[in-house]
Amino acid sequence: MASSGVLKLASVMLIVCMAATSAPEAAEAAVMCSDVVNHLLPCVSYIQNGGQPPAQCCNGVKTLFGRAQTKADRQSVCRCIKSAVNGIPYSGFNLGNAASLPNKCNLHLPYKISPSTDCNKVP
């Protein structure tokens with residue numbers, strides 16, 4: 001289903017950017033894949049159509065950003081999303097919307113969101 005693929009792509013892009021923030025390292029990830037999906041589900045319409053992300057989307061993005069505090073959390077979230085997106089087609093339009101999501105939600109990150117991010121290199 002196309003919207004499912006777009007959600008997964010959006011999630012990957014967002015999580016990859018969130019995962020790149022610095023924080024203390026931990027042995028185990030506390031953020032579950034189900035949490036990632038639940039927090040990012042409200043972003044599907046924005047990823048598909050552009051415009052302004054709904055408040056629920058930005059709230060989910062900020063909540064997830066706040067929960068992914070350790071290196072293990074950020075890498076786990078990155079892997080979860082990348083796994084979900086594997087094999088799903090997406091367009092440049094969807095990628096652009098996903099990449100702009102942090103700024104649209106007032107999370108200013110100093111790195112680019114990309115599906116090619118190596119989750120093992122996420123700090």
Side-chain angles (χ1 to χ4, degrees):
M1 173 186 262
S3 66
S4 175
V6 170
L7 167 64
K8 291 174 184 175
L9 170 66
S11 299
V12 169
M13 305 317 235
L14 179 61
I15 299 311
V16 168
C17 87
M18 287 189 274
T21 61
S22 61
E25 187 172 338
E28 289 185 25
V31 180
M32 308 290 290
C33 283
S34 59
D35 295 330
V36 173
V37 171
N38 289 334
H39 287 300
L40 297 178
L41 190 59
C43 300
V44 172
S45 64
Y46 170 74
I47 299 301
Q48 288 179 317
N49 305 311
Q52 187 62 34
Q56 278 186 302
C57 169
C58 288
N59 290 340
V61 168
K62 289 175 182 177
T63 298
L64 195 55
F65 179 80
R67 290 191 60 203
Q69 290 297 304
T70 67
K71 179 178 180 176
D73 288 342
R74 293 184 296 272
Q75 289 181 347
S76 175
V77 169
C78 178
R79 287 185 191 104
C80 172
I81 299 303
K82 286 189 82 162
S83 175
V85 179
N86 188 28
I88 308 254
Y90 48 84
S91 70
F93 179 76
N94 301 132
L95 287 174
N97 288 343
S100 69
L101 190 54
N103 283 339
K104 292 267 186 166
C105 291
N106 295 316
L107 285 174
H108 302 289
L109 306 173
Y111 31 80
K112 184 178 179 175
I113 300 171
S114 170
S116 63
T117 297
D118 180 351
C119 296
N120 293 322
K121 294 182 180 177
V122 170

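Below, each value reflects all heavy atoms present in this structure, side chains not excepted, and no hydrogens, waters or symmetry copies.
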SG of C43 to SG of C57, below 2.5 Å? yes

So which heavy atom on I47 is nearest to which on A98, and how close? CD1-CA, 3.4 Å

Over all heavy atoms of both residues, which pair between G50 and N97 is shortest? Give the atoms and the distance, please. N-ND2, 3.3 Å

Supply the atom-to-atom distance [X] [atom1] to [Y] [atom2], rounded to the nearest 0.5 angstrom.
X    : Y   : atom1 : atom2 : value
K121 : Q75 : NZ    : CD    : 12.0 Å
L101 : L40 : CG    : CG    : 8.0 Å
S76  : M32 : OG    : CE    : 8.0 Å
S100 : L95 : OG    : CG    : 11.0 Å

Salt bridge (Lys or Arg N to Asp or Glu O under 4.0 Å): pairs with one or both residues in [range], sequence neighbours excluded:
range           : answer
residues 33-48  : D35-R67
residues 89-101 : none
residues 95-106 : none

Quick one, R79 and N120 - any side-chain contact, counting heavy atoms below 4.5 Å? yes

4.5 Å side-chain heavy-atom contact, C58 and Y46: no

Would you please say whether a donor-acceptor pair under 3.5 Å links the side chains of S91 and N94? yes

With sequence neighbours left out, write down each residue that passes side chain to side chain contact (heavy atoms under 4.5 Å, CB included) with N49, or none if nothing qualifies. S45

